[in-house]
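Just follow the structure's listing: the first ligand is 1, and inside any ligand the first atom is 1. Treat the numbers as computed from the prediction; the structure is a model and nothing was measured.
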Amino acid sequence: MSARPVIAVLNGPNLNLLGERDPHAYGTVTLPEIEKLCHTAADRLGYDLDFRQTNHEGVLVDAIHELRHRAAGVVVNAAALSHTSVGLRDALAVVDGPVVEVHLSNIHRREAFRHHSYVAEVADGIVTGCGARGYAMAVEHVAHLADERIGDRS
Ligand code: DHK
């Protein structure tokens with residue numbers, strides 16, 4: 001078992017199609033490439049990475065339950081579920097560590113139905129519109145918040 005704390009990065013529906021899906025909105029970077037960016041950021045900050053993607057709301061809720069005590073921090077791009085899922089919001093509300101929401105696109109510059117996020121109501125921070133780099137920024141910020149909570153480990 002790893003001695004290093006874990007940052008979880010959770011991805012919701014359709015994000016497995018990054019690279020081919022609406023590149024104007026989401027860019028051309030694929031999810032495996034985003035995982036590498038997150039891994040590099042987490043590793044540099046002394047964290048292991050648990051990176052997941054699912055197209056199923058219940059699977060995402062189960063993953064959050066599983067990680068709620070184990071993860072030092074959670075980064076989440078719930079994708080379309082951000083705008084619809086109270087269940088996901090309620091699951092994130094019981095996570096012990098900090099939660100940072102990330103979106104590739106700037107959800108506030110898009111259709112009105114994307115402007116509200118249930119996840120935002122329980123997030124400690126939000127990165128939106130910074131593309132794939134936003135994931136690395138979110139990992140960095142959640143690590144910073146986790147470090148503050150568990151005492152600076154340096
Ligand atoms: C990804 C999605 O799939 C959309 O449903 C969200 C988000 C925005 C993103 O920008 O990463 O509205």
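- Listed by number with element, the atoms of ligand 1 under 4.0 Å from a non-hydrogen atom of R21 are 2 (C), 3 (O).
- Among protein heavy atoms, the minimum distance from atom 2 (C) of ligand 1 is reached at Y26 OH, 3.4 Å.
- Note on D124 versus R149: salt bridge recorded, some NZ/NE/NH1/NH2 to OD/OE distance being below 4.0 Å.
- For ligand 1, the polar-atom distance check against R110 finds no nitrogen or oxygen pair separated by under 3.5 Å.
- For the residue pair Y26/N14, the side-chain donor-acceptor check at 3.5 Å is not satisfied.
- Counting heavy atoms closer than 4.0 Å to ligand 1, residue H103 contributes atoms from both its backbone and its side chain.
- The S105 neighbourhood of ligand 1 comprises atoms 8 (C), 9 (C), 10 (O), with distances under 4.0 Å to a heavy atom of that residue.
- When heavy-atom distances to ligand 1 are checked against a 4.0 Å cut-off, N77 comes that close only through its side chain, counted from C-beta outward.
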(message) Let's go through V95 and I64 carefully: what are the C-alpha distance in whole Å and the side-chain angles of both, what is the deciding distance for side-chain contact (heavy atoms from CB on, under 4.5 Å) to 0.1 Å, and is it a yes or a no?
(response) CA-CA 7 Å; V95 167; I64 293 163; 3.6 Å; yes
(request) Just do the side-chain contact (heavy atoms from CB on, under 4.5 Å) check on L92 and V119 with the steps written out, would you? (result) CA-CA 8 Å; L92 288 166; V119 172; 3.9 Å; yes
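- Checking only distances, A80 does come within under 3.5 Å of ligand 1, N or O to N or O.
- Of the charged side-chain nitrogens involved, none lies within less than 4.0 Å of a carboxylate oxygen, so that D96 and R68 do not count as a salt-bridged pair.
- Ligand-side atoms of ligand 1 in range of H83: 6 (C), 12 (O), range being under 4.0 angstrom from any heavy atom.
- Not a single heavy atom of N14 sits less than 4.0 Å from an atom of ligand 1.
- Taking only nitrogen or oxygen atoms, main chain and side chain alike, L15 does not reach within less than 3.5 Å of ligand 1.
- Side-chain contact, E57 with N55: no donor N or O sits under 3.5 Å from an acceptor N or O.
- The single protein non-hydrogen atom nearest to atom 9 (C) of ligand 1 is L104 N, 3.4 Å, given as residue, atom name and distance.
- Between H83 and E111, the side chains place no donor N or O within less than 3.5 Å of an acceptor N or O (distance only, hydrogens not considered).
- Checking Y118 against D90 by side-chain atom types alone, no donor-acceptor pair falls below 3.5 Å.
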